Asks: 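Dropping the structure in here first, questions after.
Scope of the values below: all heavy atoms of this structure, side chains included, with no hydrogens, waters or symmetry mates. Since the model is a prediction, treat every value here as computed from it, not as a measurement. Throughout, protein chains are lettered first and strands after them, A, B, ... in sequence-line order, and every chain is numbered starting at 1.
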Amino acid sequence: MRQLTLTLLLSSTLYFAKAQTVNPRPLTMDEYKKAQTFTIASLDNDTYVKFENAYVLDRYESRKPYFITGSDGLKKRIDLYKLVAKEGMQEIGLMVFYTNEKGKLYKALVPDFTADAKVWEQYFQDIDNINKVEQNFILKLSYVLSKELSFQQYKVLNGGKDLKEEAATYGNDICFPGDEMVTMANGDEKMLKTVKSGDEVISVDPATKKNMVVKVKELTTHDAKNYAITQLVLVSAKTKTTGEGQFVNLNSKVLKATPNHPMLTRQGNVKIGEVTAGQEVLCLNEQTGKYEAFTVLRKTEHAEGMQKVYNIVADGGSTLLMDGVMVMQK
Amino acid sequence: MSTTINRRNWLKSSAFMAGGLAFFSGTIGKLAAMPARVFKPSSRAITDKEAITTAGFEMKARLLANENPFGPSAAAKKAIQDAIDKSYQYPFMTMGTLYNKIAQYEGINYNNILMESGSSPLLLAAAIHYSKGGKSIITGDPSYDDLPSHAEHLDGKWIKVPLTADYKLDLDAMEAKIDSNTGLVYICNPNNPTATVLDTAKLKAFCERVSKKITVFVDEAYIDYLPDPQAATMISAVKAGQNVIVARTFSKLYGFAGLRCGYVIAQPDTIKTLSMYTTGFSLAATTIAGAIAGYREEEFLKDALQKTNASKEYLYSVLKKEGYEYIPSSANFVMFPLKMDGKKFVSEMMKRGVGVRNWQFNGKDWCRVSIGRMDEMEAFAEAFKQLS
């Protein structure tokens with residue numbers, strides 16, 4: 001999960017950093033550390049604050065804050081400020097002020113694109129540390145950054161494959177890594193690799209969005225190989241904009257499968273490897289118990305190393321629920 | 001002499017100026033003004049009015065409309081108050097007194113003058129007339145855009161000529177743009193928003209040369225801020241019989257911005273032409289009384305100018321201290337290049353209670369600061385240091 005969330009954030013922050021001022025000078029490590037000490041007295045009112053007569057925190061695009069409520073019902077506030085070096089008025093970073101429901105403030109400084117790798121490493125270490133104590137911090141941060149970029153930019157950025165160093169194995173198998181949670185007939189969840197013949201699982205009728213119970217005939221297991229795995233991050237974001245800010249109810253899901261596995265989107269059955277950011281997939285909203293469209297926020301494809309992959313052969317239905325996401329059985 | 005008496009020619013007649021004829025009810029006919037074409041407000045950059053009305057914050061320093069916070073003079077204020085008692089009367093006699101006073105000071109005839117409620121109606125009149133048939137208005141850029149923007153909206157064309165390297169109107173380039181479709185050349189001197197002033201001899205030569213081909217409109221709204229306004233004015237060109245219109249206003253050094261009193265000086269035929277586009281009777285009795293009392297009140301003008309210059313020098317020192325350059329000013333405002341987005345700067349200053357304006361030209365963002373009271377300038381300095 002750590003690798004997932006870090007990878008998720010990497011592309012948005014890298015792209016975001018790159019989208020800043022043309023050829024800005026790099027943010028130095030000293031500046032990175034110094035900026036952590038910068039505070040904004042009033043996030044509601046202060047939009048341009050100087051520090052040491054050398055740096056400015058300038059409210060990003062004069063944007064009102066984001067108020068994001070996750071599936072846990074907890075509301076977080078995110079404010080964005082550009083870090084500007086007064087000399088040459090260069091934008092050298094993006095400061096994120098993240099306030100949780102208890103009023104606890106976390107800060108993260110996204111370095112500019114030209115910053116040294118060590119600065120970036122420090123940044124990722126810092127946000128990972130925050131993520132350990134503030135659940136889904138990175139995911140919400142990533143959502144906000146990606147929102148500012150627009151889905152079109154994401155499509156351009158992520159249209160290609162993101163392969164690891166080692167070559168991945170591609171084939172005709174339509175399988176899952178095995179640690180996905182399958183929705184069982186009684187509403188419980190069970191890890192895919194532990195599903196057994198005879199178990200009863202939920203299948204969803206795509207047309208009526210009604211559940212039906214089907215019986216597992218067989219858990220298909222494929223030999224361990226370095227399979228290519230496509231990963232989707234899907235979000236359902238209900239947004240309301242007021243004078244106070246942007247209020248977002250954010251639900252997120254992550255699904256992995258071999259690239260050939262089919263999914264049902266608004267455009268019809270599409271192999272998961274061919275799904276693109278912005279497309280919609282039917283998912284279960286645990287809060288409401290209803291199925292609704294989630295939007296693909298990000299798609300990556302990479303090898304995860306030697307592992308077995310699994311799939312369910314059922315005695316009926318056409319779909320399964322994997323990690324709350326509707327997928328075609330075959 | 002017209003045989004029909006109406007308000008317009010009653011105001012203009014010798015009898016009116018002499019004040020010898022009694023006023024008869026029933027002898028005033030309907031105004032015979034030529035109907036002006038209907039026009040809609042121009043869609044252009046934000047104006048001073050819009051900047052003020054959309055501020056959204058309480059302003060402790062109102063430095064965005066080039067007003068004079070040191071006026072009107074005490075004598076003018078008293079005259080205004082006293083005029084209330086007779087404000088049930090039409091101010092025919094006092095209007096004549098004001099015309100006569102201006103004419104005597106400038107050494108011209110009363111029929112060289114047309115007064116209105118501020119120079120705005122006169123700029124509009126010129127815009128309507130000189131843009132007829134799609135004619136073009138030649139101006140500097142940036143410069144005061146009231147006249148040309150209205151002309152443009154009335155199907156006239158607006159030819160913008162960039163300023164010189166030292167931000168003055170480029171007279172040579174403007175003259176080179178004159179062609180058979182030119183309706184008017186508009187000169188704002190000192191120029192708004194750069195507050196730069198032209199070389200007087202060069203401008204006089206320009207007026208003499210160009211006015212033989214086309215009408216030259218010289219807007220001298222800020223001329224009273226010059227060390228020697230009488231030497232710099234182009235009224236001498238009118239006296240010499242040239243086809244020049246000179247616009248003046250009480251809005252600036254006199255401090256009458258809210259009282260609305262302006263006038264143009266031009267050849268009698270031109271005055272007659274422009275008067276067809278104006279009411280000719282828009283000044284309030286109180287305004288006229290104040291203008292009579294305040295006109296050429298040298299002690300007040302000197303004091304107001306001195307205070308303005310003191311505030312301006314303070315502003316210069318603040319800008320220098322913060323590492324900013326500025327354009328040396330010959331008016332009651334100063335323009336300087338910004339180091340951040342202009343709209344952002346204005347917004348941040350307004351949040352701090354200081355109203356200023358921004359422009360964008362020559363690839364830069366600029367700020368124009370009107371000169372206010374010293375406490376207003378100090379408020380500017382305090383806010384500016386938080387942003388610079």
Asks: Sub-4.5 Å heavy-atom contacts with chain B: which residues of residues 41-52 of chain A show up?
Replies: A:Asn45, A:Asp46, A:Thr47, A:Tyr48, A:Lys50

Asks: In Å and rounded to the nearest 0.5 Å, what is the NZ to OG distance from B:Lys343 to A:Ser62?
Replies: 11.0 Å

Asks: If you count every heavy atom of other residues, nucleotides or ligands that lies below 6.0 Å from A:Glu101 atom CD, does the total exceed 12?
Replies: yes

Asks: Contact between B:Lys339 and A:Lys86 at the side-chain level, heavy atoms closer than 4.5 Å - yes or no?
Replies: no

Asks: Just checking heavy atoms, which of residues 379-388 of chain B are less than 4.5 Å from chain A?
Replies: B:Lys385, B:Gln386, B:Leu387, B:Ser388

Asks: What salt bridge (Lys or Arg N to Asp or Glu O under 4.0 Å) pairs are there with at least one residue in residues 369-379 of chain B, not counting sequence neighbours?
Replies: B:Arg373-B:Asp375, B:Arg373-B:Glu376

Asks: Which of residues 309-335 of chain B have a heavy atom under 4.5 Å from any heavy atom of chain A?
Replies: none

Asks: Would you find more than 12 non-hydrogen atoms of other residues, nucleotides or ligands less than 6.0 Å from A:Tyr106 atom OH?
Replies: yes

